[in-house]
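Worksheet: one structure, shown below.
Values below: all heavy atoms of this structure, side chains included; hydrogens, waters and symmetry mates excluded. Please read all numbers here as calculations on a predicted model, not as lab measurements.
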Amino acid sequence: MSSASPSAPKFAYFDNAATTPLDPEVLETMLPFLSQHYGNPSSLHGPGRQVRAAIENARKTVAHLLNAAPAEITFTSGGTEADNYAAFGSIRTLGLKHAITSPLEHHAVLHPLQAMAKNGEIELHYIRHDEAGKLDLGHLEELLAGQSRTFVSLMHANNEIGNLNDIEAIGEICARHDAVFHTDTVQTMGHYRHNVQQLKNHFLVGSAHKFHGPKGIGFLYTRSGLQVSPLIHGGSQERNVRSGTENVYGIVGLAKALEIAVRDLATHQAHVQGLKTRFIEKLRAEIEDVQFNGLSEYADQSLYTVLSVSLPPSAISEMLLFNLDISKVAASGGSACTSGAQAGSHVLDALGCDPDRATVRFSMSKMNTEAEVDYAVAALAKLYRPVAV
């Protein structure tokens, strides 16, 4: 094991799956809508029309990047609202009685479906997966066979372990059974190209702060021809789909952030994948019996921004993230949406991971450096002292 100790950065931030730093180019685009362009986009006067035009230009930008129609894009407060809208809206509007998901989904999907199942609105089924979290698509076919029209929600990439699902294959299966297919693409939006003309999905979701945009803004793609009821009532905004005065500077920032992400995708993907490979190699060299949860160590089967690290039992396991924070390394133990909760990760539980092994999720972005990777690994190796249990 190396004894070298790289110089400390201000903070080695490796929690980008939770949120990314705002791109300066995005901030520059947003600033005019925080100051001089303050009109209400529903107003008919000049200042209002100017802001309305900015919203519609942003909608066109997002639609163009997804190869969608502008009318298929609805701006929301983020990925959670968009997921809820797809689930509640489609199931209740279309009168669907069956739903299929996996136990590895984000709670933004699991909780709405479980709530409807508890109320007796739907019968909920879970697709099988193996010990690494790989979905059994044959089981999906079995669950759909012979059922009435079904709502299917399976994410593109898992936010905790990084597993990539073949949403093209899932879409083909759903299309054969006339199922309504929703895929949570929050972790992959801005990191992979999404062409809705090549997918069979009915819903697709994005959240700006996952690709260097502002927090509190997201969008839902809804395939043309699928009418669903709104969750929020009280106005005619977003074509009567989502009431409430629009988050104008957020919408403008989201569109700019996605535009930058797609423009520079190849360069940033190569850079971040290089950081992840470096992380894996150095962790293996520095820490005995280090393992990786799910498929996160495999470049062709996992999200290149996420690495889920499993460490042997240690006296500091329960305080590991706290000690990393003191060492100026920001990381996560799982989904950021459950930070501070007493319950452990539902994803790791579903995989049957050893609860005595500590898990750290390092998630990277275009703004991270090799020096930060080296520092984070050195900090973890210094803290880690395995003991027999």
Side-chain angles (χ1 to χ4, degrees), residues 13 15-23 26-27 29-30 55 58-59 61-63 65-66 68 72-89 105-112 153-160 162 164-165 167 182-194 196 199 201 203-222 231-232 238 241-242 244 246-262 265 268 272 303-306 332 334-339 361 363-367:
Y13 183 79
D15 201 19
N16 291 278
T19 197
T20 54
L22 187 67
D23 189 301
V26 174
L27 177 60
T29 301
M30 293 171 62
I55 291 176
R59 197 186 314 276
T61 296
V62 174
L65 295 171
L66 298 178
E72 296 176 312
I73 304 300
T74 301
F75 292 114
T76 67
S77 64
T80 296
E81 183 191 334
D83 285 335
N84 272 253
Y85 174 75
F88 282 114
E105 295 296 306
H106 194 282
H107 282 150
V109 167
L110 287 177
H111 287 176
S153 182
L154 295 168
M155 63 190 355
H156 187 199
N158 189 275
N159 53 298
E160 293 194 36
L164 282 171
N165 294 321
I167 56 175
H182 160 261
T183 182
D184 182 333
T185 49
V186 165
Q187 288 295 333
T188 58
M189 187 62 59
H191 303 294
Y192 293 85
R193 295 186 184 277
H194 294 84
V196 297
L199 299 172
N201 61 299
F203 298 102
L204 182 143
V205 175
S207 187
H209 73 111
K210 307 294 188 178
F211 48 88
H212 302 283
K215 298 175 182 64
I217 185 68
F219 70 87
L220 176 70
Y221 160 81
T222 305
L231 289 179
I232 301 174
E238 292 299 286
V241 172
R242 187 197 188 261
E246 296 90 341
N247 176 1
V248 180
Y249 48 84
I251 290 171
V252 171
L254 181 152
K256 186 63 177 180
L258 189 57
E259 182 179 55
I260 294 169
V262 173
L265 193 149
H268 292 152
V272 178
L303 178 59
Y304 61 89
T305 59
V306 170
S332 173
S335 171
C337 296
T338 57
S339 294
R361 182 189 68 180
S363 48
M364 296 140 278
S365 83
K366 64 182 182 180
M367 296 185 180

### Message
Would you say that E160 contacts V306 through its side chain, given a criterion of any heavy-atom pair below 4.5 Å between the two side chains?
### Response
no

#### Entry: Donor-acceptor pair, side chain of H191 and main chain of K210, under 3.5 angstrom
yes

### Query
Which heavy atom of N159 sits nearest a heavy atom of A17, and at what distance?
O-CB, 4.3 Å

### Summary
In this structure, CZ of F203 is separated from OG1 of T222 (nearest 0.5 Å) by 5.0 Å

### Message
Closer than 4.0 angstrom, basic N to acidic O: yes or no for R59 and E238?
### Response
yes

### Message
Between H156 and H194, is the ring centroid distance below 6.0 Å?
### Response
yes

### Message
So F88 and L231, do their side chains get closer than 4.5 Å, heavy atoms only?
### Response
yes

### Task
For the pair T183 (side chain) and L204 (backbone), establish whether a donor and an acceptor sit closer than 3.5 Å, ignoring hydrogens and angles.
no

## Note on the structure
Residue set satisfying ring-ring contact (aromatic ring centres under 6.0 Å, His included) with Y249, at least two apart, ordered chain then number -> none

### Query
Do NZ/NE/NH1/NH2 and the carboxylate oxygens of D23 and K366 come within less than 4.0 Å?
yes

#### Entry: Set of residues satisfying ring-ring contact (aromatic ring centres under 6.0 Å, His included) with respect to Y304, sequence neighbours excluded
Y192

### Message
For N165, give me all partners under side chain to side chain contact (heavy atoms under 4.5 Å, CB included), at least two apart in sequence or on another chain.
### Response
L135, M155, I170

### Query
What pairs with H182 under side chain to side chain donor-acceptor pair (under 3.5 Å), at least two apart in sequence or on another chain?
D83, S153

### Query
How would you list, by chain and number, every residue that makes a side chain to side chain contact (heavy atoms under 4.5 Å, CB included) with A208, sequence neighbours excluded?
F211, P214, I217, L254

### Message
With side-chain contact (heavy atoms from CB on, under 4.5 Å) as the criterion, how do L303 and T188 come out once you've worked through the C-alpha distance, each side chain's angles and the decisive distance to 0.1 Å?
### Response
CA-CA 8 Å; L303 178 59; T188 58; 4.1 Å; yes

### Query
Passes side-chain contact (heavy atoms from CB on, under 4.5 Å), M189 versus V205? Steps please.
CA-CA 8 Å; M189 187 62 59; V205 175; over 6 Å; no

### Task
Measure across A157 and G162 and return the closest heavy-atom pair with its distance rounded to 0.1 Å.
CB-O, 4.4 Å

### Task
Please name all residues satisfying side chain to side chain contact (heavy atoms under 4.5 Å, CB included) with L27, sequence neighbours left out, ordered by chain then number.
L22, L31

### Summary
Heavy-atom nearest pair, A108 first then N84, reads O-ND2, 3.4 Å

### Task
Kindly give the heavy-atom pair with the smallest separation between N247 and G216, and that separation in Å.
ND2-O, 3.4 Å

### Task
Taking salt bridge (charged side-chain N to carboxylate O under 4.0 Å, His left out) as the test, write out the residues that go with E81, two or more places apart.
R242

### Query
Heavy atoms, side chains only, cut-off 4.5 Å: are M367 and Y13 in contact?
no

### Message
Looking at every non-hydrogen atom in both residues, tell me the closest pair between G78 and S207 and how far apart they are.
### Response
CA-OG, 4.1 Å

### Message
Checking the side chain of T20 only, and the main-chain atoms of H209 only, is there a donor and an acceptor separated by less than 3.5 Å?
### Response
yes

### Task
Would you indicate whether the side-chain heavy atoms of E105 and L154 approach each other to under 4.5 Å?
yes

#### Entry: Residues in side chain to side chain donor-acceptor pair (under 3.5 Å) contact with S365, at least two apart in sequence or another chain
N16

### Summary
The reported gap from CG in D184 to CG in N201 (rounded to nearest 0.5 angstrom) is 12.0 Å

### Task
Using the test side chain to side chain contact (heavy atoms under 4.5 Å, CB included), find all partners of E72 that sit at least two apart in sequence or belong to another chain.
A68, A69, Y221, R223, S224

### Message
Donor-acceptor pair, distance only, cut-off 3.5 Å: does the side chain of E246 make one with the backbone of I251?
### Response
no

### Query
If you look at every heavy atom in V26 and G253, which pair is closest and at what distance?
CG1-O, 3.5 Å

### Query
Within a strict 4.5 Å, meaning less than it, do heavy atoms of the V262 and R193 side chains meet?
yes

#### Entry: Sequence-distant partners of T61, side chain to side chain donor-acceptor pair (under 3.5 Å), two or more places apart
none

### Task
Check whether any side-chain heavy atom of Q187 lies under 4.5 Å from a side-chain heavy atom of H106, and answer yes or no.
no

